[in-house]
Amino acid sequence: MSETEPTRYDFAAAEPYWQAQWQQQACFRVEDHPRDGRPKYYVLEMFPYPSGKIHMGHVRNYTLGDVVARYKRARGFAVLHPMGWDAFGLPAENAARENNADPAEWTYQNIANMRAELQRMGFSLDWSREFATCDVEYYGQQQKLFLDFWREGLVERRAANVNWDPVDMTVLANEQVIDGRGWRSGALVEKKKLSQWFFKITDYAQDLLDGLKRLDRWPERVKLMQENWIGHSQGAEVVFPLAEPVEGMASVAVYTTRPDTLFGMSFLAVAAEHPLAQAVAKTNPQAAAFIAECASQGTSEAVIEAAEKRGFDTGLRVVNPITGQSHPVWIANFVLMEYGTGAIFGCPCADQRDLDFARKYHLPVPVVVSPAKDSAPEVKDQALDGEGYIVNSGFLSGLTTKEANTRIIAELERRGAGRAVQNWRLRDWGISRQRYWGCPIPVIHCEACGPQPVPEDQLPVVLPRDVSFDRPGNPLDHHPSWRHVNCPACGRPALRETDTFDTFVDSSWYFARFTAPRAPTPTDRAAADFWLPVDQYVGGIEHAILHLLYSRFFTRAMRKTGHVAIDEPFAGLFTQGMVTHESYRDAQGRWLYPDEVIRTAEGAMHKKTGAPVTVGRVEKMSKSKRNTVDPGAIVARFGADTARWFVLSDNPPERDVEWTETGVQGAYRFLQRLARIGEEVARTGPGEASDAPAARKLRQMTHRAIEAVTQALEGFAFNLAVARLYELLNAIAAAGEAPELAAARFEAMESLVRLAAPLVPHLAEHLFTRLRPQAGLLANQDWPVADPALLAVDEVTVAVQVNGKLRGTIRLPPGADANHAIPLAKEAVAGAIGGQSIVKQIYVPDRIVNFVVKP
RNA sequence: GCGGGCGUGGUGGAACUGGUAGACGCGCUGGACUCAAAAUCCAGUUCCGGCAACGGAGUGUCGGUUCGAUUCCGACCGCCCGCACCA
């Protein structure tokens with residue numbers, strides 16, 4: 001190394017050193033019941049599944065949360081920032097089946113690896129609170145919660161048509177079926193009837209909907225997605241008497257949002273699973289065949305073929321309670337048993353599906369809606385499903401569709417033929433899973449007494465370790481002794497429930513457990529009341545519905561059972577974008593890892609063979625596309641701060657970020673430059689204060705940066721904070737070594753270091769100890785405060801326009817009045833105005849002067 | 001189909017309630033230092049014309065409101081996300 005070469009900042013030594021210092025001084029530790037009077041702030045990132053390695057998504061997620069945590073700590077908050085593991089789930093079982101691994105061992109080993117990786121990133125976490133959901137101390141408390149919920153009537157056991165994932169061999173909740181496929185396996189989901197445990201989330205449908213309005217620090221689109229998912233609709237139930245009863249059924253109830261179109265009825269249609277359809281099938285083989293066909297089509301084909309409307313005329317007739325007319329009853333494949341009453345009345349003129357159906361089977365299409373008053377338009381292939389006026393409808397004719405809606409419901413109620421009802425798309429949450437690696441459902445089934453809760457003194461129900469995976473299905477079913485117990489009610493031999501909870505249950509309350517992770521009850525009320533709700537939750541948009549909705553339900557259920565005092569768990573939510581990368585394929589179409597590829601000016605080639613490589617789309621990092629970058633390798637090569645700086649710097653955190661080699665290099669260069677200049681400033685020392693204009697200018701720059709970075713961090717605009725920090729460093733570098741700038745330069749550098757601390761904490765500590773050797777850890781320091789006197793500006797640049805086009809600028813004291821500004825402005829653009837006359841002049845102080853001129 | 005979002009240089013993106021479009025980074029170009037390279041430093045970089053001063057155009061397209069529109073309104077085009085035979 002030559003003498004002129006600046007000393008390089010050795011992150012590989014510095015980062016572990018500062019991590020050890022933070023650890024020793026317990027900088028990030030908080031009490032369950034703090035007494036120091038600081039206001040609380042709870043920052044939480046969605047906890048990871050322990051797959052074995054952290055990925056770039058984790059790095060981004062936890063860096064974002066860590067910036068908030070460190071910033072809020074510096075602002076004087078007692079910050080709760082915990083970490084744990086969403087540790088139950090299928091991959092551990094798959095490892096057991098494929099590699100003969102013990103799921104528990106496999107999981108805890110993965111946790112150990114990932115913990116080390118996270119710690120190497122320097123996140124300001126309170127590791128004393130760590131737990132995994134597969135710890136018996138955690139899932140045992142979860143069993144208590146379940147039993148409390150049961151006692152409160154929030155749990156139900158019923159036989160239900162469930163979504164069965166044939167690959168994972170388990171039940172899926174509606175929320176876990178995406179386009180007819182399992183959210184995890186991607187297998188086509190089948191319908192199956194099973195006895196299942198349910199959480200009655202629908203009891204809270206209205207409340208979960210209403211609660212969204214109060215979540216003012218949630219992204220609009222997440223709230224919207226939840227709103228759509230809950231799917232509230234206002235309508236009416238109408239009862240249609242059957243002309244002749246079938247198997248004791250005298251009528252069919254129908255749900256509709258358009259009772260105003262009742263006069264336009266053409267037919268009635270029921271779902272294949274509807275009791276009436278089933279009854280008809282008993283005596284009518286053709287109907288039975290049609291129903292069987294619908295069932296075999298199932299979820300899968302229906303999705304793919306999208307909507308060939310088919311039906312079967314049962315020959316039955318119903319009477320319209322309003323018009324008295326008789327209509328045929330059909331079984332139709334587009335009517336869903338799960339929604340409404342499983343039956344509809346068909347009004348083809350006002351509903352596209354009904355119209356398609358009517359055209360196909362040559363059913364009448366009476367026109368009862370018109371976009372204009374007193375006209376009856378023709379209906380061909382396009383239904384009139386908008387608002388408008390009712391026509392050809394007796395006492396409803398002439399009313400708007402809205403008025404008619406109110407009117408007809410009143411009439412239905414008067415005649416006892418129907419009533420106003422509301423409907424929800426949200427279904428109860430099925431939580432039974434036929435899996436081993438999950439929290440056992442604490443229930444004992446007795447032939448005589450039915451399902452019984454496991455008594456308090458027999459909790460927790462511990463998952464047995466001595467299981468074998470040599471057969472398909474749930475190993476708990478094959479365990480020789482575990483399931484055999486006595487009934488807690490009658491004492492006779494009984495069987496344990498062998499299903500375990502959906503792992504979404506585990507993640508529905510972990511945020512509450514973090515407030516007192518060692519408490520002998522699910523929560524410690526004092527701790528929970530102090531720390532909850534989570535002030536800032538950070539995670540991926542992919543959890544916008546499932547996890548967040550379940551957590552919101554759980555919080556309400558926990559309030560009802562006395563475990564918490566709140567109903568909304570997450571006061572603030574931030575959903576970050578994905579980490580993406582280019583993908584590469586060789587000539588044979590095989591995916592290549594980024595570090596197997598060299599980018600050249602012309603394209604890309606294989607590092608070893610030099611063979612040409614096709615550069616594909618930039619997309620989410622995924623193992624299958626091999627477009628992943630291992631955080632461990634990046635940290636080893638560039639350091640944790642570089643990785644942190646990079647994921648924060650390029651674009652807004654809510655958007656996707658593309659990981660690029662050049663971007664990382666840039667981040668690394670900046671940090672080295674900061675280190676070098678920081679060391680220089682530290683060597684020069686604080687210097688003598690000076691009131692030279694250049695010094696004042698630099699000080700103003702510093703204090704504006706303090707103000708701007710603070711604003712940026714408050715608003716999650718970390719990319720803007722980064723830009724302001726770049727500017728400040730450039731200003732420091734430009735100030736050079738002039739003695740009269742020494743003090744201002746020192747102040748600027750110290751401020752820069754403090755402002756950068758939440759983003760790149762290790763380097764910031766390193767430079768802070770150089771600048772302020774006596775001051776202790778930067779992690780314990782307060783946030784810098786901008787001096788208002790230095791934020792004030794002495795002069796502003798005001799744009800001067802002629803006819804809205806920029807023609808010059810003038811310098812003015814802030815808030816200058818028009819008498820002062822206008823003449824100066826006129827002078828500045830005299831050439832552009834020339835001989836033209838000024839028709840109008842606009843002056844917005846500190847902003848703009850605009851002259852409107854005419855020749 | 002329904003609901004929502006987004007279109008700005010070569011590129012990621014700035015631009016507070018309408019008021020100098022392109023902050024900051026990356027990349028690129030030229031230069032300095034070096035035997036050379038890396039690193040570093042300096043200068044330039046929306047496009048068109050011009051040596052320059054300067055002029056013209058410009059925020060997906062078309063139109064509107066306004067003294068003034070990336071920002072507000074309408075239509076269209078493109079991309080992304082969520083939901084979906086939901087009655």
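Here is how names work: the chains are called A, B, and so on, in the same order as the sequence lines, proteins then strands, and each is numbered from 1.
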At a cut-off of 3.5 Å, list every protein nitrogen or oxygen paired with a nitrogen or oxygen from nucleotides 30-33 of chain B, distance to 0.1 Å.
none

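- For A:His274, the side chain to side chain donor-acceptor pair (under 3.5 Å) test picks out no residue, with sequence neighbours left out.
- Residues satisfying the side-chain contact (heavy atoms from CB on, under 4.5 Å) test with A:Arg353, not counting sequence neighbours, are A:Lys309, A:Phe334, A:Asp351.
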Would you tabulate the pairs of protein nitrogen or oxygen atoms and nucleotide nitrogen or oxygen atoms of nucleotides 43-47 of chain B closer than 3.5 angstrom?
none

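- The stretch residues 251-266 of chain A touches RNA chain B through A:Tyr255, A:Thr256, A:Thr257, A:Arg258, each having a heavy atom within less than 4.0 Å of the strand.
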Which atom pairs, donor and acceptor, lie under 3.5 Å between side-chain atoms of residues 707-718 of chain A and protein residues at least two apart or in another chain?
from     : atom 1 : to       : atom 2 : distance (Å)
A:Thr710 : OG1    : A:Ile706 : O      : 2.6
A:Thr710 : OG1    : A:Trp783 : NE1    : 3.0
A:Glu714 : OE2    : A:Tyr71  : OH     : 2.6

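- For A:Arg704, the salt bridge (charged side-chain N to carboxylate O under 4.0 Å, His left out) criterion is met by no residue, not counting sequence neighbours.
- For the pair A:Arg353 CZ and B:rG1 C1', the computed distance is 11 Å after rounding to whole Å.
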Atom pairs and distances, side-chain donor-acceptor, residues 843-855 of chain A, under 3.5 Å, sequence neighbours left out:
from     : atom 1 : to       : atom 2 : distance (Å)
A:Tyr843 : OH     : A:Ala816 : O      : 2.6
A:Asp846 : OD1    : A:Gly815 : N      : 2.7
A:Asn850 : OD1    : A:Gly804 : N      : 3.1

Taking only N/O atoms, report every protein-nucleotides 66-73 of chain B pair under 3.5 Å with atom names and distance.
from   : atom 1 : to       : atom 2 : distance (Å)
B:rC67 : OP1    : A:Lys840 : NZ     : 3.4
B:rC67 : O2'    : A:Asn850 : ND2    : 3.2
B:rC67 : O2     : A:Asn850 : ND2    : 2.5

Protein N or O to nucleotides 23-29 of chain B N or O, pairs below 3.5 Å:
from   : atom 1 : to       : atom 2 : distance (Å)
B:rA23 : O2'    : A:Arg724 : NH2    : 3.4
B:rA23 : O2'    : A:Glu727 : OE2    : 2.8
B:rA23 : N3     : A:Arg724 : NH2    : 3.4
B:rG25 : OP1    : A:Asn730 : ND2    : 3.2
B:rG27 : OP2    : A:Arg669 : NH2    : 3.4

Reading 5' to 3' and counting Watson-Crick or G-U wobble pairs with both distances under 3.5 Å, write the dot-bracket notation for RNA chain B, | for bases paired outside the strand. (((((((..(((......[....)))((((((.......))))))((((....))))..(((((..]....))))))))))))....

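- Shown here are the side-chain contact (heavy atoms from CB on, under 4.5 Å) partners of A:His327, two or more places apart in sequence or in another chain: A:Met265, A:Val318, A:Asn320, A:Gln325.
- Distance alone, capped at 3.5 Å, places no donor-acceptor pair between the A:Thr261 side chain and the A:Gly264 backbone.
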